[in-house]
Amino acid sequence: MNAPLLGQRAAVILLLGTLTALAAGALTASKGGTLADATLIGGATFTAAVTFFHTIIE
């Protein structure tokens, strides 16, 4: 009954995706992009990063 809600592999993949998205959004905002631009780029980066890390992490 005390099973984890999320497996270790999934947690690592989501963490890496989140960190990658935050970095991309912060870099976009720091280079003069608007908040909307940073959010959209962060979201797209999150999707790409999760797909990438899902593929390479076994």
Side-chain angles (χ1 to χ4, degrees):
M1 288 191 115
N2 288 332
L5 294 175
L6 196 60
Q8 184 177 7
R9 179 179 179 268
V12 168
I13 289 170
L14 291 175
L15 174 67
L16 291 172
T18 302
L19 292 174
T20 305
L22 286 172
L27 287 172
T28 300
S30 72
K31 289 299 180 182
T34 64
L35 183 59
D37 289 338
T39 303
L40 288 172
I41 289 174
T45 303
F46 176 79
T47 304
V50 167
T51 302
F52 173 73
F53 290 123
H54 173 68
T55 303
I56 66 167
I57 297 175
E58 292 185 17

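For the numbers below, each heavy atom of this structure counts, side chains included, while hydrogens, waters and symmetry mates do not.
With hydrophobic clusters built from ILVMFWY side chains whose heavy atoms lie under 4.5 angstrom apart, L15 does not share a cluster with I56.
Residue L14 holds its CG atom at 6.0 Å from CG of L6, rounded to the nearest 0.5 Å. Here the straight-line distance linking atom NZ of K31 with atom CG of D37 works out to 15.0 Å at 0.5 Å rounding. Note that OG1 of T45 and CG of L19 are 12.5 Å apart. Values are rounded to the nearest 0.5 Å.
Contact record, R9 with H54: NH2-O, 2.9 Å, taken as the closest heavy-atom pair. Closest approach of I13 and I57 over heavy atoms only: CG1-CD1, 4.0 Å. Considering every non-hydrogen atom in both G42 and A21, the closest pair reads O-CB, 3.2 Å.
For the side chain to side chain contact (heavy atoms under 4.5 Å, CB included) with T20, the qualifying choice from F52, F53, F46 is F53, the only one to do so.
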